[in-house]
Amino acid sequence: ENVSPDSVVEQLRETFREKIKTQLLSIQAFGKPLEDVVIMASIVEKEASNMKDRKIIAGILWKRLEIGMPLQVDAPFYYTLGKDSASITKSDLTTDTPYNTYTNKGLTPTAIGNPGLGAIEATVNPTKTDYLFYLSDRKGVTHYAVDHDGHVANKAKYLR
């Protein structure tokens with residue numbers, strides 16, 4: 001209770017610097033700036049709960065960035081609107097915010113949460129696939145598709 005906000009922030013930064021040391025060589029080898037890796041890892045952290053899916057999703061999201069496609073992920077809506085995927089409306093997808101990954105290309109301006117080391121590891125060691133789309137069903141199982149038609153079929157099969 002007697003700790004200043006600046007002290008808390010500095011302790012958090014110091015803890016981050018200490019923990020990230022185990023991943024620095026991998027991050028450097030991956031070739032993206034640390035800030036981008038942390039932002040992507042914060043998204044990957046919220047999009048999947050296991051390492052296999054995190055690596056595949058990281059591969060999909062990096063590929064989307066490379067081809068100039070919006071990330072089109074739901075996780076930032078919890079950060080900006082307090083809504084999870086099941087609660088997001090079509091209207092929400094047009095919300096004017098820099099964190100809207102449907103209307104804006106590229107990464108969000110900042111991390112949307114605190115990624116764990118597993119999400120950071122997955123982000124810099126993505127699995128390369130032909131997939132460009134994914135969704136999680138109501139049981140948390142992730143389903144992948146190579147193209148939009150496959151994604152629409154997955155939506156019809158797993159989300160309705």
Side-chain angles (χ1 to χ4, degrees), residues 3-85 87-88 92-136 140 142-148 150-151:
V3 179
S4 72
D6 288 343
S7 294
V8 172
V9 169
E10 186 49 42
Q11 181 62 48
L12 290 170
R13 284 188 176 136
E14 183 55 38
T15 300
F16 175 81
R17 285 190 288 266
E18 188 61 36
K19 298 275 186 186
I20 198 72
K21 283 180 183 177
T22 62
Q23 296 294 319
L24 284 179
L25 289 177
S26 295
I27 292 168
Q28 289 168 349
F30 188 61
K32 303 259 189 235
L34 176 60
E35 181 179 5
D36 290 359
V37 168
V38 171
I39 292 169
M40 181 67 83
S42 75
I43 294 169
V44 168
E45 176 87 26
K46 301 294 185 196
E47 289 289 301
S49 59
N50 67 68
M51 185 60 92
K52 179 182 176 195
D53 286 332
R54 284 179 176 170
K55 290 177 120 182
I56 294 170
I57 289 170
I60 290 169
L61 296 180
W62 286 125
K63 186 189 311 183
R64 287 179 179 182
L65 288 179
E66 287 173 18
I67 65 172
M69 179 180 174
L71 291 180
Q72 297 177 323
V73 293
D74 295 346
F77 288 102
Y78 186 79
Y79 181 79
T80 57
L81 301 176
K83 292 185 172 186
D84 63 9
S85 291
S87 304
I88 296 171
D92 292 332
L93 298 180
T94 62
T95 304
D96 185 22
T97 168
Y99 291 87
N100 186 334
T101 60
Y102 285 80
T103 58
N104 299 301
K105 292 181 181 179
L107 292 169
T108 55
T110 64
I112 60 166
N114 185 23
L117 289 175
I120 293 170
E121 181 183 339
T123 297
V124 297
N125 295 290
T127 300
K128 293 187 188 298
T129 67
D130 290 334
Y131 302 132
L132 198 54
F133 296 89
Y134 66 95
L135 59 82
S136 293
T142 307
H143 303 276
Y144 300 97
V146 173
D147 57 25
H148 189 260
H151 184 59

* **Geometric class of the Phe133/His151 ring pair [parallel <30°, tilted 30-60°, perpendicular >60°]** => parallel
Can you find a pair of side-chain heavy atoms, one from [X] and one from [Y], that are under 4.5 Å apart?
| X | Y | result |
| --- | --- | --- |
| Thr129 | Tyr144 | no |
| Leu65 | Leu61 | no |
| Lys105 | Met69 | no |
| Ile20 | Ile120 | yes |
| Asn104 | Tyr99 | no |
| Leu71 | Ile43 | yes |
| Ile57 | Trp62 | no |
| Asp84 | Asp74 | no |

Return the [atom1] to [atom2] distance between [X] and [Y], rounded to the nearest 0.5 Å.
| X | Y | atom1 | atom2 | answer |
| --- | --- | --- | --- | --- |
| Asn125 | Thr127 | CG | OG1 | 8.5 Å |
| Gln23 | Leu117 | CD | CG | 6.0 Å |
| Asn50 | Lys55 | CG | NZ | 11.5 Å |
| Ser87 | Phe77 | OG | CZ | 12.5 Å |

Surrounding [atom1] of [X] (heavy atoms of other residues, nucleotides or ligands, distance under 6.0 Å), is the total greater than 12?
| X | atom1 | result |
| --- | --- | --- |
| Tyr102 | OH | yes |
| Arg17 | CZ | yes |
| Ile67 | CD1 | yes |

* To do: Examine the side chains of Thr97 and Asn100 and answer whether a donor and an acceptor come within less than 3.5 Å of each other.
  => no
* Does a side chain donor of either Tyr79 or Ser42 reach within less than 3.5 Å of an acceptor in the other side chain? -> no
* Asked: Do you know the tightest heavy-atom contact between Ala122 and Ala58?
  ->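 Heavy atoms of Ala122 and Ala58 come nearest at O-CB, 3.6 Å.
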* Asked: Which residue pairs pass the salt bridge (Lys or Arg N to Asp or Glu O under 4.0 Å) test with at least one member in residues 19-43, sequence neighbours excluded?
  -> Glu18-Lys21
* **Sequence neighbours excluded, every pair satisfying salt bridge (Lys or Arg N to Asp or Glu O under 4.0 Å) that has a member inside residues 38-53** =>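 Sorted pair list: Glu45-Arg54.
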* To do: Give a yes or no answer on whether the side chain of Thr123 reaches the backbone of Ala119 with a donor-acceptor pair at less than 3.5 Å.
  =>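 A pair under 3.5 Å: yes.
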* Give a yes or no answer on whether the side chain of Lys128 reaches the backbone of Lys63 with a donor-acceptor pair at less than 3.5 Å. =>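 No, because the side chain of Lys128 does not come within donor-acceptor range (under 3.5 Å) of the backbone of Lys63.
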